[in-house]
Amino acid sequence: MILFWAAISLGFLGSFHCVGMCGPIALALPIGQLNSVQRFFSVLLYNFGRMFTYAIFGLIFGALGKSFALFGYQQALSITLGILILLGLFLPKKIISKWSITSSIYTFFNKLKTKLSSLFSKEGKKTLFLIGILNGLLPCGLVYMAVAGAIATSDILKGSIFMAVFGLGTFPVMIALPYFGNRINLTFRNKIRKVVPVFLGVMAVLLIVRGLNLGIPYLSPQHNFTKSEIPTCHTVAGNKICWGSNHQ
């Protein structure tokens with residue numbers, strides 16, 4: 001439950017931080033000819049597109065986390081993710097900037113941006129939803145942090161819900177942006193930017209504490225699951241025999 005509160009808080013605070021990147025997209029949505037009610041539901045549809053992409057990310061990375069959990073590495077994974085987030089916060093930007101993306105990924109993002117740009121000349125519900133889906137695929141550091149949380153859930157469904165809740169947390173700002181975008185000034189955004197790293201640090205510490213297996217309900221629950229608990233079963237003379245777990 002704590003992780004899900006972290007997801008919606010990260011989404012809400014991060015939405016102020018991401019106004020600079022996603023703001024131009026939200027402000028350029030092809031909804032200028034619509035009345036106020038139609039505009040609201042159109043903006044909502046666009047944001048549901050983003051949330052859909054995030055939920056798919058959650059499915060994929062939740063499954064990845066589950067694969068680690070099945071082999072008894074859930075605690076180690078949670079601690080590792082927390083440490084990586086802290087490194088991302090404290091390492092100098094000069095070092096992080098050296099980790100450049102490969103040419104194939106760069107080509108993919110270029111094609112994605114080209115496709116996204118072509119949609120702004122079209123209208124319709126499908127177009128708005130698709131713009132949201134593609135927007136969700138654009139590189140974003142806060143989304144990557146949310147993905148770390150989805151992995152830490154070690155569950156496909158929970159991972160998907162985690163990312164969907166993260167997307168839901170961005171709704172208030174992203175829905176208001178087309179209406180009040182000009183009122184969110186640079187000074188206010190800079191104040192929010194100072195809060196986001198603090199919150200990410202708290203989230204990283206929560207992941208580390210969660211992986212320490214301290215037996216604290218909800219925060220660091222006790223896990224006794226180990227690799228030896230994965231059952232191996234064979235059928236002998238019509239009887240199913242399992243070992244490596246409590247099943248006999």
Side-chain angles (χ1 to χ4, degrees), residues 1-22 54 57-102 105 136-155 158-170 173 189-223 225:
M1 181 61 69
I2 291 177
L3 278 180
F4 291 110
W5 278 111
I8 196 166
S9 300
L10 179 61
F12 180 71
L13 293 174
S15 60
F16 290 96
H17 177 78
C18 293
V19 163
M21 187 184 78
C22 296
Y54 298 153
F57 281 165
L59 282 173
I60 296 170
F61 289 100
L64 177 63
K66 185 175 183 179
S67 67
F68 279 92
L70 286 174
F71 289 96
Y73 299 128
Q74 183 176 3
Q75 282 71 47
L77 177 63
S78 186
I79 294 172
T80 301
L81 290 172
I83 292 173
L84 288 175
I85 291 175
L86 289 177
L87 287 175
L89 290 174
F90 292 106
L91 280 178
K93 291 184 179 180
K94 291 182 179 179
I95 296 177
I96 297 176
S97 63
K98 293 180 181 180
W99 301 341
S100 59
I101 59 177
T102 63
I105 297 177
L137 293 172
L138 292 175
C140 174
L142 283 165
V143 174
Y144 302 153
M145 296 296 180
V147 162
I151 296 173
T153 65
S154 301
D155 184 88
K158 288 181 180 179
S160 182
I161 294 174
F162 182 94
M163 289 300 294
V165 169
F166 163 76
L168 189 63
T170 68
V173 172
R189 277 184 278 168
N190 285 334
K191 289 180 180 179
I192 294 296
R193 287 193 181 100
K194 294 179 181 179
V195 176
V196 172
V198 175
F199 183 79
L200 288 174
V202 172
M203 180 177 171
V205 171
L206 284 174
L207 288 172
I208 293 172
V209 172
R210 183 173 181 267
L212 291 176
N213 211 22
L214 300 176
I216 304 173
Y218 302 107
L219 182 62
S220 183
Q222 187 78 31
H223 292 281
F225 192 81

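Each residue takes its place number in the sequence, starting with 1. Note that these values count all heavy atoms, side chains included, but never hydrogens, waters or copies made by symmetry.
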Approximate separation, where rounding is to 0.5 Å, of [X] [atom1] and [Y] [atom2]:
X: Leu137; Y: Tyr54; atom1: CG; atom2: OH; answer: 9.0 Å
X: Thr170; Y: Leu13; atom1: OG1; atom2: CG; answer: 12.0 Å
X: Ile79; Y: Leu84; atom1: CD1; atom2: CG; answer: 12.0 Å
X: Phe61; Y: Phe162; atom1: CZ; atom2: CZ; answer: 13.0 Å
X: Phe166; Y: Phe57; atom1: CZ; atom2: CZ; answer: 10.5 Å

Which residue, Leu212, Val209, Leu207, forms the side-chain contact (heavy atoms from CB on, under 4.5 Å) with Ser78?
Leu207
So which atom in [X] and which in [Y] form the shortest heavy-atom distance, rounded to 0.1 Å?
X: Gly169; Y: Ser15; value: O-OG, 4.5 Å
X: Ile85; Y: Ala148; value: CD1-CB, 4.1 Å
X: Leu77; Y: Gly65; value: CD2-CA, 4.0 Å

Evaluate the side-chain proximity of [Y] to [X]: yes if any heavy-atom separation is below 4.5 Å, no if none is.
X: Leu10; Y: Met203; answer: yes
X: Leu81; Y: Ile151; answer: yes
X: Met163; Y: Val143; answer: yes
X: Ile60; Y: Leu64; answer: no
X: Ile208; Y: Leu86; answer: yes

With a 3.5 Å distance limit and no angle check, can you tell me whether Thr153 reaches the backbone of Ala150 through a side-chain donor-acceptor pair?
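Answer holds: yes.
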With sequence neighbours excluded, tell me which residues meet side-chain contact (heavy atoms from CB on, under 4.5 Å) with Leu168.
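So Leu168 forms a side-chain contact (heavy atoms from CB on, under 4.5 Å) with Met51, Phe171.
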